[in-house]
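One structure is given below, encoded as structure tokens.
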Amino acid sequence: MSYPTPVNRPATIADVARVAGVSVPTVSRVLTGAARVSEQRRRRVEAAIAELAYRPSAAAQVLASRHSKTIAIVAANTSRYGYAEAIRGVEESARAAGFVVIIVVVESERAEDVRAAADAVLRQSVAGVVVLKFDPPGVGALKALESVVPAVALSGIPEPGVPQAVLDESGAAAALTEHLLGLGHRTVHHVRIPPSGKEDGRTTGWRVALQRHGSPIPPIEDVSWEITTAYEVGVRLARDPAVTAIFCGNDETAMGVIRGIHDTGLRVPADISVAGFDDHPLASMFIPALTTARQDFAELGRHGTAQLLALLNGESPLALETLEPPIAIRESTAPPSGRRR
């Protein structure tokens, strides 16, 4: 059955994959000969290429020759603090090594958006790719590309089977939670940002610390990337007299929660302690200055780039490089005052 491509648009590798009934990586393997493909699939791909008059991009030749001096960064977001800093670290390291960096945005975790991002990478003359696996779109992009081009992942949770640089979010979250418990709080509530999978390291570390201390585990409060949702959670938690300590998934969320608490007439940390995560540039200047985990995203990007360069040089990079985020204790956390029950 024929699937025509839209008028006035040349066929893409994603179109070939759709017509052949295979994945984009399978089409790329046929084009490059980089890995074995069954005879049946190879014939289907070749028939689709002929039917669509598809012209393979220069990426296919580069994958075989490895002469490209271009590295692709794949990310779902380029403006949020952690993403932007990780991209900066990759770009600076790659440029110092004589490479040019291109950025490909994967719009969502939907299959069509992941395919579009993978196709955009494969149509370029790239030597390798660094994937920011901070969210579901990044997870999908990594799965689509890791078997086709040399790839390295940057994340907060280890990904089996691919070289990666990881921030130990679980350990840092546990340390922050234990800091709050050590101040005398009976338990710590958690405001969770959108996770990359079922659960991210920040939530895992929070839960492990509470279990270790035998503390009650409150229901998780979920927020979106919109800070107004954090504000609304802050208002709601402030109205619960049992809440004395809150651990937030990132600093922006903590700022929204604090504003919500403030607008109910309560104070941080006199009435409720709040901790963030990431050490955003504004965290130390916020009122009150935020207790947080100091994540060096730029350094994460530099480590990931070093792994990719080693891979491109035919070396065997470390399968996992873990960075330990230190804890910054500031003004937003304090012992419970006893005024809330």
Side-chain angles (χ1 to χ4, degrees), residues 3 5-28 52 54 57 59 70-91 94 100-126 128-157 159 162 164 192-200 222-230 249-250 252-253 278 297 300-301 304 308:
Y3 296 83
T5 58
V7 178
N8 298 325
R9 177 174 73 76
T12 68
I13 194 170
D15 295 324
V16 174
R18 186 183 70 251
V19 172
V22 299
S23 67
V24 168
T26 296
V27 176
S28 183
L52 298 174
Y54 172 67
S57 70
T70 301
I71 290 174
I73 301 174
V74 179
N77 194 299
T78 59
S79 60
R80 301 197 69 83
Y81 170 66
Y83 293 77
E85 281 294 284
I87 290 171
R88 179 173 70 85
V90 174
E91 194 280 329
V100 173
V101 167
I102 63 170
I103 299 173
V104 174
V105 174
V106 52
E107 298 290 347
S108 77
E109 66 268 34
R110 294 185 305 173
E112 55 267 35
D113 288 334
V114 171
R115 284 197 301 268
D119 185 41
V121 171
L122 296 175
R123 288 178 65 86
Q124 305 299 316
S125 300
V126 298
V129 60
V130 176
V131 179
L132 274 58
K133 194 182 72 70
F134 296 156
D135 43 40
V139 172
L142 180 63
K143 290 180 179 177
L145 290 166
E146 61 178 321
S147 62
V148 185
V149 294
V152 169
L154 306 182
S155 69
I157 300 177
E159 177 73 24
V162 62
Q164 59 200 298
R192 179 173 65 179
I193 58 176
S196 60
K198 184 177 181 180
E199 182 170 293
D200 61 21
D222 284 308
V223 296
S224 72
W225 294 118
E226 295 296 327
I227 198 169
T228 53
T229 61
N250 67 11
E252 294 98 319
T253 297
D278 289 346
F297 289 100
L300 181 74
L308 181 60

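The model shown is predicted, which means the values in this text are computed figures rather than measured ones. Heavy atoms only: backbone and side chains are in, while hydrogens, waters and symmetry mates are out.
Considering OH of Y83 and CD1 of I103, their distance stands at 14.0 Å, rounded to 0.5 Å. Separating the CD1 atom in I227 from the OG1 atom in T253 is a distance of 7.0 Å, to the nearest 0.5 Å. The distance from the CD atom of Q164 to the CG atom of L308 is 13.5 Å, given to the nearest 0.5 Å. The CG atom of L154 sits 4.5 Å away from atom CG of L300, with the distance rounded to the nearest 0.5 Å. Atom CZ in R80 sits 7.5 Å away from atom CD1 in I193 (nearest 0.5 Å). Separating the CZ atom in R110 from the CZ atom in R115 is a distance of 10.5 Å, to the nearest 0.5 Å.
Among V74, N77, V131, the one residue that satisfies the side-chain contact (heavy atoms from CB on, under 4.5 Å) test with V106 is V74. Checking V148, I73, V126 one by one against V121, the side-chain contact (heavy atoms from CB on, under 4.5 Å) holds for a single residue, V126.
When all heavy atoms are compared, the tightest approach of S224 to T229 is N-OG1, 3.2 Å. For the pair L142 and A151, the tightest heavy-atom approach, listed with the atom from each and the gap, is CD1-CB, 4.4 Å. Of all the heavy atoms in A86 and L132, the pair that sits closest is CB-CD2, 4.1 Å. In terms of heavy atoms, A76 sits closest to P137 at CB-CB, 3.7 Å. Of all heavy-atom pairs spanning A117 and V104, the tightest one is O-CG1, 3.7 Å. Contact detail for V101 and A94: the closest heavy-atom pair is CG2-CB, 3.6 Å.
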**OP:** Check the pair Q124 / T70 against side chain to side chain contact (heavy atoms under 4.5 Å, CB included), numbers first and verdict last.
**Re:** CA-CA 9 Å; Q124 305 299 316; T70 301; 5.9 Å; no

Subject >> Intermediate values then yes/no, side chain to side chain contact (heavy atoms under 4.5 Å, CB included), W225 and N250 >> reply: CA-CA 10 Å; W225 294 118; N250 67 11; 3.7 Å; yes

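Put simply, the side chain of S155 never gets that close to the backbone of K133: no donor and acceptor are under 3.5 Å apart.
By the 6.0 Å contact criterion, CD on E199 is enclosed, its count of non-hydrogen atoms from other residues, nucleotides or ligands being greater than 12.
Salt bridge status for E91 with R88: absent, with no side-chain N to carboxylate O gap under 4.0 Å.
Looking at L122 and L145, their side chains come closer than 4.5 Å, going by heavy atoms from C-beta outward.
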